[in-house]
Amino acid sequence: MIEKEEIKIQKEYIKKVKKLNEGKNLKYYILTMGCSLNENDSEKICGMLEEMNYIKTEEPTNANIIIFNTCCIRENAEDKLFGKLGEMKKIKIDNNSIIAIGGCMTQEKHIIEKLNKSYPYVDIIFGTHTLHKLPENISKLLENNTKIEDVLDIDGKIYEDIPIKRNDAVKASVTIMNGCNNFCSYCIVPYVRGRERSRKPEDILKEIKKLAEDGYKEIMLLGQNVNSYNGGIEYNFSNLLIDINKINGIERIRFISPHPKDFTDDVIDAIAKCEKVCKVIHLPLQSGSTNVLKAMNRKYTKEQYLSLVKKMKDKIPNIAFTTDIIVGFPGETEKDFKDTLDVVKKVNFDQVFMFIYSRRVGTVADKMENQIPEEIKHERFNKLKELVEKQIEENNNKYIGTVQKILIDGTSKTNKNTLSGRTDSNKIVVIEADNKYINQIVNVKITENCIWYLKGKII
Ligand code: 5AD
Ligand code: SF4
């Protein structure tokens, strides 16, 4: 198989660069923007770099190689990259470091043009389809000292066995499929990640079994559209959930993101019967208005979304939902926006990731003439935020006094003297307790509601 051969070749380049780097104490700095899929790609970048004898540093100023793994889903992600790149120029001059940029943004032609014109000090530009070739590209750069541009515009392939250095010791992300065939009219993803392609079930299960042996307890399955996973004849997403559920040592299974239109009954039944599958489902709504959903090319109506939620609530006791919502899509009227608020009220989401519509070059919605003025977008965003915060506060109050199983992740980000973990429903819980509980699942009584997180005591 060509893909297998490709990885073999890259492993040879890893050996070559490793030898060159021996005894030099070289460091790498990586900045990851965007979603969990990008985070998972970055874990692979780190895996390759560490096998080539680079050591991770949190400080770009002392890095010999600086990597940006970029995102282009909204405009602010782009602004962030160009801001950061400006800061890197001085570091490059001082340290003669290598600067490499990859990820979703570099799949866009206008970005490559901008990089070449305004940021000529970037050494390697790679894309989402050439991530696995980083060893080859570093090796060639070290050899020839000429700028490398390695971006492919293809449907995409699957590469197994890329080295990986995971960020966490108990929770692991596993990409099960990549790419998207849906072409929602606002979304740039199908243009930069290629068409849907699924990993083989045996490769996924092998990876998860190894993770369980290494002590991982929680698995997050990743894909742009996980429930259209296609593992072969008669093997779909529900089969995969059932098989992962059987793996000893794994205690929690989560997945992002499914598409409401692909939520078949067998997947709902699998969630219901697999005790390890967390009963909080991320179900991107995007808009509550049937008109807007049609213009977004989402392929479901307000009513179909609500009846899917009802079906799942009926079949799965205590199920909770989280969602993504875009406000200010072209042509969105006050009535359309009210429909979104109505769905938010009816479903009573546990969490809502809210986005202001951002025009993306090359998408269908970017060419729509009825774009919404910025101030109206912001007004609607704030109204939605107000409703969501009220709902979350009320939902969180229901946790007070209950005992929850918490998987402790580590010390809390805001207060190093406390620990932080997650409920099965993915709520953050902060606990005053000894570090020995890190990486364990413990029983915690919830004592306080702090809106974005809960507080509790180990019992
Ligand atoms: N503008 C705003 N939000 C977007 N998303 C995707 N594309 C855009 C865009 N152009 C949001 C969707 C998606 C989430 C990952 O990002 O809500 O589910
Ligand atoms: Fe984008 Fe729609 Fe595909 Fe999600 S399903 S990645 S929103 S095109």
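All ligand and atom numbering here is 1-based and tracks the order in the structure. Each residue takes its place number in the sequence, starting with 1.
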Handout entry: Shortest non-hydrogen contact from Pro284 toward Arg298
Key = O-NH2, 3.2 Å
Handout entry: Distance-only donor-acceptor check, side chains Thr264 and Asp266, under 3.5 Å
Key = yes
Problem - Under 4.0 Å to a heavy atom of Gln286 - the qualifying atoms of ligand 1, by number - result: 12 (C), 13 (C), 17 (O), 18 (O)
Practice task
Could you tell me whether Ile356 approaches ligand 1 through its side chain, its backbone, both or neither, with non-hydrogen atoms closer than 4.0 Å?
Solution key: backbone
Exercise for the section: Could you tell me which residues satisfy side chain to side chain donor-acceptor pair (under 3.5 Å) with Glu234, sequence neighbours excluded, listed by chain and number? Expected result: none
Exercise for the section: State plainly whether the residues Arg166 and Asp214 are in salt-bridge range, i.e. N to O under 4.0 Å. Expected result: no
Handout entry: Between Ser173 and Asn40: side-chain donor-acceptor atoms closer than 3.5 Å
Key = no
Problem - ligand 1 N/O within reach of Tyr357 N/O, cut-off under 3.5 Å - result: no
Problem - Non-hydrogen atom of Ile188 closer than 4.0 Å to ligand 1 - result: no
Fill in the blank from the handout: Counting heavy atoms under 4.0 Å, the part of Tyr186 that contacts ligand 1 is both
Practice task
Select one of side chain, backbone, both or neither to describe which atoms of Ile73 lie under 4.0 Å from any atom of ligand 1, heavy atoms only.
Solution key: both
Handout entry: Between Gln351 and Asn426, a side-chain donor and acceptor under 3.5 Å
Key = no
Practice task
Taking only heavy atoms of Arg360 into account, list the atoms of ligand 1 that are under 4.0 Å away from them.
Solution key: 10 (N)
Fill in the blank from the handout: Any heavy atom of Arg359 under 4.0 Å from ligand 1? The part involved is neither
